[in-house]
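Letters A, B, ... mirror the listed sequences (proteins, then strands); counts begin at 1.
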Number of protein chains: 2
Amino acid sequence: MSSQPRYAAIKEHIRAQIESGKWPAQFRVPSENQLAQDFSVSRMTARRALSELTDEGVLMRSQGLGTFVAEPVPAGSLLEVRNIADEIAARGHSYANRILKLEQAQAGTEVAVALGLAEGAAVYHSIIVHLDNGLPIQFEERYTNPTLVPEYLQQDFTHCTPNEYLTRVAPLTEVDTTVEAVGASGEVARALEIAENSACLQIWRRTKSSSGTVSFARLVHPGSRYRLGAQLRF
Amino acid sequence: MSSQPRYAAIKEHIRAQIESGKWPAQFRVPSENQLAQDFSVSRMTARRALSELTDEGVLMRSQGLGTFVAEPVPAGSLLEVRNIADEIAARGHSYANRILKLEQAQAGTEVAVALGLAEGAAVYHSIIVHLDNGLPIQFEERYTNPTLVPEYLQQDFTHCTPNEYLTRVAPLTEVDTTVEAVGASGEVARALEIAENSACLQIWRRTKSSSGTVSFARLVHPGSRYRLGAQLRF
DNA sequence: TGTACATTCTTGTATATACAACTTGTGTTT
DNA sequence: AAACACAAGTTGTATATACAAGAATGTACA
């Protein structure tokens, strides 16, 4: 067993206060000296907890003023291809999904081009709605290349998302992502339980492994319930 | 003029070695003790330089082994801070803009936090609509830190965008980007000449230079006229 | 009244030190 | 030859201390 460092305990304590709502955004958190006294550590150790949380976007500091709880951070990341179930779990919410379709279909022009197959070739087609605390947060329509992932349809996606399964069986080498804003169509609006034509973030994602294009997905998020974030340094 | 901290000089030195190619990926960086000796600082100061570069993804460390140069990170166009005028020019279209507002204002809570200023402090506020072949393609609302860019309001933005000007006077070190989908508000809809509540891609962008947070902008694109793309490799 | 100054509390930088934990090589013992 | 013990070098954690810098408040003085 490995005991965690002392600054980690302070970080956890602060996170807990924030997540429980006791310390809302803009709340002034105890000073370095105060925390040092409360936790019986040196100021530098308390400082490390505050500094790391600041780097992580949880807190904001300003010399002479103090340390404050930052606005809640956006959920998704533009840089990583993350699993929606993991993202939800990381927020401490419950994950569930509804499988609306799981079938074999014929590739239309667009899908055929994206997957590098002939038009009319057999492809796997799935539509799944992902729920965050019971609230629909992503409409996922996916076309998968059967020659690369022959057992796709047999999977149990109630506890393992397609994304998770695919990255396991076919390690990614390249991902093309396109982001746009669209009004929700009838089908999407019903599935996401939002008004028709309300603003949605639509992500097109084509994933390739060494052997070819594995999958082509359209991910639609209600604009009011999802954001993408990225942090770049130079 | 403020002299930069000593650990920053060490960071710069290491970055310079990497960028010049002298220290390729996997190269073993001098140890904390070695750097401390070379730069005549304490080990903890040298350590800070290495730790920050590790957090930034530039280096990798492992206990007992040493510190090594990390693989360069992939970055797509979603991630570059590009000038909208250049983007339009690259497509061979004509660029123009309409300046709707250019004034000094008082920072509200959100703006103050984002810029690291006190609430009610003076900030520069501009609203500009960018046109692609005469069609509105971006609604740009920007708050700028007057202490870092005092001459912002005097600029002529008809041929040089704020983004272009800011990157020239204050080289960026860090950019936070958030992307979401929203329905166009009345003001935005009028400026972009689209229907109210139609889907728009809204990008929040906070740019920092070495001396602090320079600017905080909201960029709204009509969903039907704009997309963002990124390509990642692994 | 109001301006200037001093005080106090905050975060930021820097140092010196100590010990823990991990990795590698070296040498000794079995 | 294999196993073990040890030393050296590395990063990781933690402390005590000092001073610098920014911000707010109160106080003295003009």
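- Distances shorter than 4.0 Å separate none of the side-chain N or O atoms of Thr67(A) from OP1 or OP2 on dT10(C).
- An OP1 or OP2 oxygen of dT15(C) is reached within less than 4.0 angstrom by a side-chain nitrogen or oxygen of Thr45(B).
- With rounding to whole Å, Arg28(B) atom CZ is found 12 Å from dG9(D) atom P.
- A donor-acceptor pair under 3.5 Å is absent between the side-chain atoms of Thr45(B) and the main chain of Val41(B), judged by distance alone.
- Within the nucleic acid shown, Arg47(B) comes within 4.0 Å of at least one base atom, counting heavy atoms only.
- OP1 or OP2 of dT13(D) sits under 4.0 Å from a side-chain N or O of Arg48(A).
- Contacts with DNA chain D (heavy atom under 4.0 Å) in residues 30-38 of chain A: none are found.
- Here the side chain of His221(B) pairs a donor or acceptor atom with the backbone of Ile137(B) at under 3.5 angstrom.
- Between the side chain of Arg43(B) and the main chain of Leu35(B), no donor-acceptor pair closer than 3.5 Å is present.
- In the model, Arg61(A) has a side-chain atom that pairs as donor or acceptor with a side-chain atom of Thr67(A) under 3.5 Å.
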**Prompt:** Are Arg142(B) and Phe216(B) close enough, and set up right, to give a side-chain contact (heavy atoms from CB on, under 4.5 Å), and what steps lead you there?
**Reply:** CA-CA 6 Å; Arg142(B) 184 178 293 275; Phe216(B) 177 57; over 6 Å; no

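- Between Leu50(A) atom CG and dA14(D) atom C1' there is a gap of 16 Å when expressed in whole angstrom units.
- Shown here are the side chain to side chain contact (heavy atoms under 4.5 Å, CB included) partners of Val182(B), two or more places apart in sequence or in another chain: Glu180(B), Cys200(B), Gln202(B).
- Regarding contacts with the backbone of dA16(C), every side-chain N or O of Ser42(B) stays at 4.0 angstrom or more from both OP1 and OP2.
- Rounded to an integer number of Å, the gap from CD of Gln4(B) to P of dG12(C) is 17 Å.
- Regarding Asp55(B), its CG atom lies at a distance of 10 Å from the P atom of dG12(D), rounded to whole Å.
- A parallel orientation is assigned to the rings of Tyr143(B) and His125(B), their planes being inclined by less than 30° (bins at 30° and 60°).
- Considering only side-chain atoms of Arg61(A), the nucleotide from dG12(C), dA14(D), dT11(D) that sits closest is dG12(C).
- Set against dT10(D), dA16(C), dT13(D), the side chain of Tyr7(A) has dT13(D) as its closest nucleotide.
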Tabulated below should be each protein N or O lying under 3.5 Å from an N or O of nucleotides 19-21 of chain C; please produce it.
residue	atom	partner	partner atom	Å
dA21(C)	N3	Gln63(B)	NE2	2.9

**Message:** For a side-chain hydrogen bond (donor to acceptor under 3.5 Å, both in side chains) check, start with the C-alpha distance between Gln34(A) and Asp38(A), then their side-chain angles and the critical distance, and finish with the verdict.
**Reply:** CA-CA 6 Å; Gln34(A) 188 61 51; Asp38(A) 294 350; 3.0 Å; yes

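- Between His13(A) and Phe39(A), the ring center distance clears the sub-6.0 Å criterion.
- In this structure, CG of Leu65(B) is placed 9 Å from C1' of dT11(D), rounded to the nearest angstrom.
- Taking atom CG of residue Leu59(A) and atom C1' of nucleotide dT10(C), one finds them 15 Å apart after rounding to whole Å.
- Atom CZ in Phe39(A) sits roughly 13 Å away from atom P in dT15(D) (whole-Å rounding).
- Between the side chain of Ser51(A) and the backbone N or O of Arg47(A), at least one donor-acceptor pair lies under 3.5 Å.
- Atom-to-atom, CE of Met44(A) to C1' of dA14(C) comes out at 8 Å; the value is rounded to the nearest Å.
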